Trainee: 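First, the structure itself, so that you have it in front of you.
Read the numbers this way: they start at 1 and go in the same order the structure lists the ligands and their atoms. Computation of the quantities below employed the complete heavy-atom set of this structure, encompassing side-chain atoms and omitting hydrogens, waters and symmetry-equivalent molecules. Worth saying up front: this structure is predicted, and the values here are computed from it rather than measured.
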Amino acid sequence: MISSKDFLRKNLKVIQGYPMINPFAIIWENMRKFQSKPDDIIIATYPKSGTTWISEILDMILNEGEIEICNRDFITNKVPMLEMYAPGLRASGIDLLEKTPSPRLVKTHLPIDLLPKSFWENKCKMIYLARNAKDVAVSYYNFSLMNSLNPLPGTWGEFLEKFITGEVAYGSWFKHVKSWWEKKKEYPVLYIFYEDLKENPKQEIKKIIQFLGKTLNDEILQKIIHHTSFEVMKDNPMVNYTHLPCVLMDHSQSAFMRKGITGDWKNYFTVAQNEKFDAIYEKEMSGSGLLIRTEI
Ligand code: A3P
């Protein structure tokens, strides 16, 4: 029997060229063979891009703003994470998905080339949420302090170096956001940005509603905006991850619902780190056509 001691705070495992959370490797082949359903809705993000936020928005949309229904279960159960495997600490993504009634919301951080084939074959709806790299790096650093599925991050400076070179779980942020962006040319991925959602939730949530082919009135829309605001979500035990065992997520190290803002990177990056980051960013992102704001 595998015990949590065997996989907590362990080094990442390289799978198909990507550094990955150690225990996820155990079920990798089953995950790759996962059979989707045509009405599955994929929520894809690089870690720490606002996945929980958009997951709750989507659940609210599907349930037409009925808060009681949305509070039926924890976010980790309502919107299972496809590749999740942490035996003894969390139910696996595959097991949860098999029990979830359709239409299922499927969360994943997988890079585009690792997403199981079945989702493409079934032409599932896909929503990608991107967040600016600097705030993702800061959020990922703090998350690695509290989430023991990740290796310990070291100092902020050490973590930033690893983030830049893609030696963190799910690999390079640059590659992740660019490859999903490129896919838009041949597949109708709804690609949205954390910064836009923060600045104008009404406009962005309307885009999602339209993409899903739904119509919801203004009253419901306002309810969704309120229920999924950072202030409400951070105090909602169904979505703020406080239900998970402390050995897995230690909120005394950093809250999961930490700050929920754009621009916190300014409190972390030194001038030298920022200059180096900007130069690398320019090289990596030039020609991609992808513009992501670092302040709003
Ligand atoms: P910070 O660490 O910068 O605060 P994910 O769900 O992909 O793991 O992303 C977590 C990040 O999204 C955290 O960022 C968290 O605070 C932020 N977040 C969660 N819910 C949010 C909301 N309703 N509004 C804004 N940001 C939110």
Trainee: What residue and atom, counting heavy atoms only, is the protein's closest point to atom 18 (N) of ligand 1, and at what distance?
Mentor: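 That would be Phe230 CD1, 4.2 Å.
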
Trainee: How close does the nearest protein non-hydrogen atom get to atom 12 (O) of ligand 1, and which residue and atom is it?
Mentor: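 The closest one turns out to be Gly50 CA, 3.7 Å.
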
Trainee: Relative to the ring of Phe159, is the ring of Tyr141 parallel (under 30°), tilted (30 to 60°) or perpendicular (over 60°)?
Mentor: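 Answer is tilted, since the angle falls between 30° and 60°.
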
Trainee: For Tyr281, does the six-membered ring have the charged nitrogen or CZ of Lys178 within the cation-pi criterion, i.e. under 6.0 angstrom from the centroid and within 45° of the normal?
Mentor: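 Ring-cation test returns no.
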
Trainee: From atom 17 (C) of ligand 1, work out which of Trp53, Tyr194, Tyr140, Tyr46 has a heavy atom at the shortest distance.
Mentor: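 Considering heavy atoms of Trp53, Tyr194, Tyr140, Tyr46, the nearest to atom 17 (C) of ligand 1 sits in Tyr194.
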
Trainee: Taking the side chain as every heavy atom from C-beta outward, state whether Gln210 and Lys206 have any atom pair closer than 4.5 Å.
Mentor: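 No - every pair of side-chain heavy atoms lies 4.5 Å or more apart.
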
Trainee: Only heavy atoms count here, so choose which of Ser229, Pro201, Gly263, Ser139 is nearest to atom 13 (C) of ligand 1.
Mentor: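 Nearest heavy atom to atom 13 (C) of ligand 1 lies in Ser139.
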
Trainee: Around atom 6 (O) of ligand 1, find the nearest protein heavy atom and jot down its residue, atom name and distance.
Mentor: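 Residue, atom and distance for the closest contact: Thr52 OG1, 2.6 Å.
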
Trainee: Under 4.0 Å from a heavy atom of Ser49: give me the atoms of ligand 1 that qualify, with their elements.
Mentor: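 The atoms of ligand 1 under 4.0 Å from a heavy atom of Ser49 are 7 (O), 9 (O).
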
Trainee: Which residue holds the protein heavy atom closest to atom 7 (O) of ligand 1, what is that atom called, and what is the gap in Å?
Mentor: Thr51 OG1, 2.4 Å

Trainee: Does ligand 1 come near enough to Asp135 that some N or O of the ligand is less than 3.5 Å from an N or O of the residue?
Mentor: no

Trainee: Look at atom NZ of Lys207 and say whether more than 12 heavy atoms of other residues, nucleotides or ligands are closer to it than 6.0 Å.
Mentor: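 Counting other residues, nucleotides and ligands, NZ of Lys207 exceeds 12 neighbours.
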
Trainee: Give me the nearest non-hydrogen protein atom to atom 23 (N) of ligand 1 as residue plus atom name, then the distance to 0.1 Å.
Mentor: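 Going by distance alone, atom 23 (N) of ligand 1 is nearest to Thr228 O, 2.8 Å.
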
Trainee: So which heavy atom in the protein is nearest atom 19 (C) of ligand 1, and how far is it from that ligand atom?
Mentor: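 Here the nearest protein heavy atom works out to Met257 SD, 3.4 Å.
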
Trainee: Tell me the protein heavy atom at minimum distance from atom 8 (O) of ligand 1, and give that distance in Å.
Mentor: Lys48 NZ, 2.7 Å

Trainee: Using a strict cut-off of 4.0 Å, indicate which atoms of ligand 1 neighbour a heavy atom of Met233.
Mentor: 23 (N)

Trainee: Taking a cutoff of less than 4.0 Å between a non-hydrogen atom of the residue and any ligand atom, is Arg131 in contact with ligand 1?
Mentor: yes

Trainee: Please confirm whether Phe256 approaches ligand 1 to less than 4.0 Å, judged on its heavy atoms.
Mentor: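 Flag set, Phe256 near ligand 1.
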
Trainee: Is a salt bridge present between Lys78 and Asp73, judged by a nitrogen-to-oxygen distance below 4.0 Å?
Mentor: no

Trainee: Report yes if the side chains of Leu160 and Phe269 come closer than 4.5 Å at any heavy-atom pair, otherwise no.
Mentor: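 Yes, at least one pair of side-chain atoms sits under 4.5 Å.
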
Trainee: Determine the interplanar angle of the Tyr128 and Trp180 rings, folded into 0 to 90°, and report it as parallel if under 30°, tilted if 30 to 60°, perpendicular if over 60°.
Mentor: parallel

Trainee: Report the C-alpha distance between Thr108 and Glu83 in whole Å, list the side-chain angles of each, state the deciding distance to 0.1 Å, and finish with yes or no for side chain to side chain donor-acceptor pair (under 3.5 Å).
Mentor: CA-CA 7 Å; Thr108 186; Glu83 63 272 22; 2.9 Å; yes

Trainee: So Phe277 and Phe163, would you call those rings parallel, tilted or perpendicular, with 30° and 60° as cut-offs?
Mentor: parallel

